[in-house]
Amino acid sequence: MNPNPRAGNRFSVTSIEAQQAEFPTVNKEDELKAKEFEVMMLQEENEGNTPRNILEEIVWNKDVEVAKMRERKPLSSLKKSLENAPPTRDFLGALREANRRTGFPGLIAEVKKASPSRGILREDFDPVEIAKAYEKGGAACLSVLTDEKYFKGSFENLEAIRNAGVKCPLLCKEFVVEAWQIFYARVKGADAILLIAAVLPDLDIKYMTKICKMLGLTALVEVHDEREMDRVLAIEGVELIGINNRNLETFEVDISNTKRLLEGERGQLIRQKDIIVVGESGLFTPDDIAYVQEAGVKAVLVGESIVKQSDPGKGISGLFGKDISL
Ligand SMILES: O=C(O)c1ccccc1NCC(=O)[C@H](O)[C@H](O)COP(=O)(O)O
């Protein structure tokens, strides 16, 4: 896969104003047809007209899904809903505070029912119960998957967790392809949102980060390799970077990825800029946590190893080798 497949295509954000405008001269039906046509054209660039990997497939589907959602709830109406959205909580502050309090990386515990690589992780999946158990177990923040097709998540889950009074700040774990989704996540109660460098060109990351700030959301910008890390480090205003140990194209997981990306000058620059780094994916044991902490992360994002436990809160103690709720 082209490491930056969407770069230069006309999905890119060219300005905040452009994203905020409603493109008044374009009829909605034509817009949707145009989006489907664009996706078709992108697909046709590939021989065989099939996505080359799972990430590409997810993104192609997301383009169409978002265009349909946006038709049902245009930006102008989302903006009105912002007035009734709950206040955002300090995601970065919660991670820093947990790191200071426990001496361990702050935990972002993921409410994850299923994944393309592992299938169903938990049959008896009650998102609110899991979120409460994570909070009780000492999680600093929660990550809520909202993609339905590939992860069996939903925005209803995000909203339900927020409305249930869970105090941990919430990350909307989505495949963001348009700024509209950031507004939507904010309305549904998110405090932070994921931006994936393998999906978004630099210009999009830059403007989407600004949109997040404008809305009071924290942007977690995710990278997987050195090239993506260098791209993101060159973007001003990025405060939180996730290093995903999972290659989203092949599903391969290797936690030494976190260490590699934090070595040498990159690590130095990250410390200089006071960026918080999150180690993501494939963390199962206290040794894994110690390994990524030694590499320089101040936070970790964990799903599978804790969501699969009968008591996901106790799963956190198992993961850290210690009760971190105290
Ligand atoms: O988890 C997957 O199979 C996956 C496939 C394609 C794109 C993204 C995917 N996962 C997102 C994540 O990065 C993880 O949910 C997150 O980092 C937690 O990972 P884990 O602790 O290994 O469940």
Side-chain angles (χ1 to χ4, degrees), residues 1 3 5-6 51-63 65 95 105-122 125 127 130-131 134 137 139-154 157-158 170-177 192-200 220-225 228 240-258 261 276-289 291-293 297 299-309 312 315-316 318-320:
M1 181 173 171
R6 302 162 59 78
R52 283 164 288 197
N53 56 58
I54 187 70
L55 183 60
E56 197 160 79
E57 185 187 319
I58 293 172
V59 168
W60 286 0
N61 277 290
K62 194 58 72 180
D63 274 326
E65 181 188 309
L95 291 177
L107 172 66
I108 308 170
E110 189 152 278
V111 181
K112 182 178 191 183
K113 176 167 181 163
S115 77
S117 62
R118 298 278 200 239
I120 299 283
L121 295 169
R122 191 181 178 100
F125 187 81
I130 293 168
Y134 281 159
C141 299
L142 307 183
S143 160
V144 185
L145 279 152
T146 48
D147 176 80
E148 294 189 18
K149 189 173 164 67
Y150 297 93
F151 292 86
K152 303 207 178 299
S154 70
N157 290 355
L158 179 70
L170 306 179
L171 170 75
C172 173
K173 194 86 184 302
E174 245 307 337
F175 294 85
V176 171
V177 293
I193 191 156
L194 182 72
L195 303 176
I196 303 177
V199 172
L200 297 166
L220 170 58
V221 186
E222 181 178 294
V223 302
H224 175 66
D225 58 25
E228 289 171 4
L240 185 63
I241 296 181
I243 299 179
N244 204 334
N245 297 313
R246 178 176 287 111
N247 180 326
L248 303 186
E249 296 171 14
T250 64
F251 293 155
E252 225 170 86
V253 180
D254 177 2
I255 67 167
S256 70
N257 198 48
T258 293
L261 266 62
I276 291 194
V277 176
V278 186
E280 301 178 5
S281 302
L283 303 170
F284 286 86
T285 66
D287 282 352
D288 292 344
I289 298 293
Y291 178 81
V292 290
Q293 181 165 24
V297 309
V300 287
L301 196 161
V302 183
E304 179 178 350
S305 70
I306 49 178
V307 82
K308 280 173 105 171
Q309 306 305 318
I316 294 177
L319 173 68
F320 284 84

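Only this structure's heavy atoms are used, side chains among them; waters, hydrogens and symmetry mates stay out. Both ligands and their constituent atoms are indexed starting at 1 by order of listing.
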Carefully, step by step, assess L301 and E110 under the rule side-chain contact (heavy atoms from CB on, under 4.5 Å). CA-CA 7 Å; L301 196 161; E110 189 152 278; 3.2 Å; yes

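Among the candidates E222, H224, R246, the single residue satisfying the side chain to side chain contact (heavy atoms under 4.5 Å, CB included) test with S281 is R246. Screening I58, I196, D63 against V177 for a side chain to side chain contact (heavy atoms under 4.5 Å, CB included) leaves a single residue, D63. For the side chain to side chain contact (heavy atoms under 4.5 Å, CB included) with L319, the qualifying choice from V300, V302, T285 is V302, the only one to do so.
For the pair P116 and ligand 1, a heavy-atom separation below 4.0 Å is found. Ligand 1 lies nowhere less than 4.0 angstrom from a heavy atom belonging to E222. Using a 4.0 Å heavy-atom cutoff, F284 is absent from the residues neighbouring ligand 1.
Counting atoms of ligand 1 from 1 in the listed order, those under 4.0 Å from a heavy atom of E304 are 20 (P), 21 (O), 23 (O). Residue contact check: L301 has heavy atoms under 4.0 Å from atoms 16 (C), 17 (O), 18 (C) of ligand 1. Set against the non-hydrogen atoms of V302, the atoms of ligand 1 under 4.0 Å away are 21 (O). Those atoms of ligand 1 that come under 4.0 Å of a heavy atom in K112, given as number and element, are 1 (O), 14 (C), 15 (O), 18 (C), 19 (O), 20 (P), 23 (O). Numbered from 1 in the order shown, with element, the atoms of ligand 1 that lie under 4.0 Å from a heavy atom of S115 read 1 (O), 2 (C), 3 (O). Applying the 4.0 Å criterion to heavy atoms of L248 picks out, from ligand 1, the atoms 7 (C), 8 (C), 9 (C).
Contacts between R118 and ligand 1 below 4.0 angstrom, taking non-hydrogen atoms only, are absent altogether. Only the side chain of N244 comes within 4.0 Å of ligand 1, judged by heavy-atom distances. If you look at Y150 next to ligand 1, there are no close heavy atoms at all, none under 4.0 Å.
When hydrogens are left out, the protein atom nearest atom 17 (O) of ligand 1 is S281 OG, 2.7 Å; that is the closest non-hydrogen contact. Looking only at protein heavy atoms, the nearest one to atom 21 (O) of ligand 1 is G303 N, 2.8 Å. The protein non-hydrogen atom at the shortest distance from atom 9 (C) of ligand 1 is F151 CZ, 3.5 Å. In terms of protein heavy atoms, atom 5 (C) of ligand 1 is closest to F251 CE2, 3.5 Å. Of all protein heavy atoms, the one lying nearest to atom 12 (C) of ligand 1 is K173 NZ, 3.3 Å.
In this structure, NZ on K113 lies 12.5 Å from CG on L145, to the nearest 0.5 angstrom. Between atom NZ of residue K62 and atom CG of residue L55 there is a gap of 11.5 Å, rounded to the nearest 0.5 Å. The line from CD of E280 to CG of N257 is 10.5 Å long, rounded to the nearest 0.5 Å.
Of all non-hydrogen atoms in I54 and P116, the two that sit nearest each other are CG1-CB, 4.1 Å. The two residues A109 and A139 come nearest to each other via the heavy atoms CB-CB, 3.9 Å. Closest non-hydrogen pair, G282 versus I255, comes out as O-CG2, 3.4 Å.
Between L95 and C141, the closest side-chain pair of non-hydrogen atoms falls below 4.5 Å. A heavy-atom distance below 4.5 Å is found between the side chains of V111 and Y134.
Checked by distance only, ligand 1 and S117 come closer than 3.5 Å through their nitrogen or oxygen atoms. Annotation: G282 places an N or O atom under 3.5 Å from an N or O atom of ligand 1; distance criterion only. Close N/O approach between E110 and ligand 1 is found [any backbone or side-chain N/O within under 3.5 Å].
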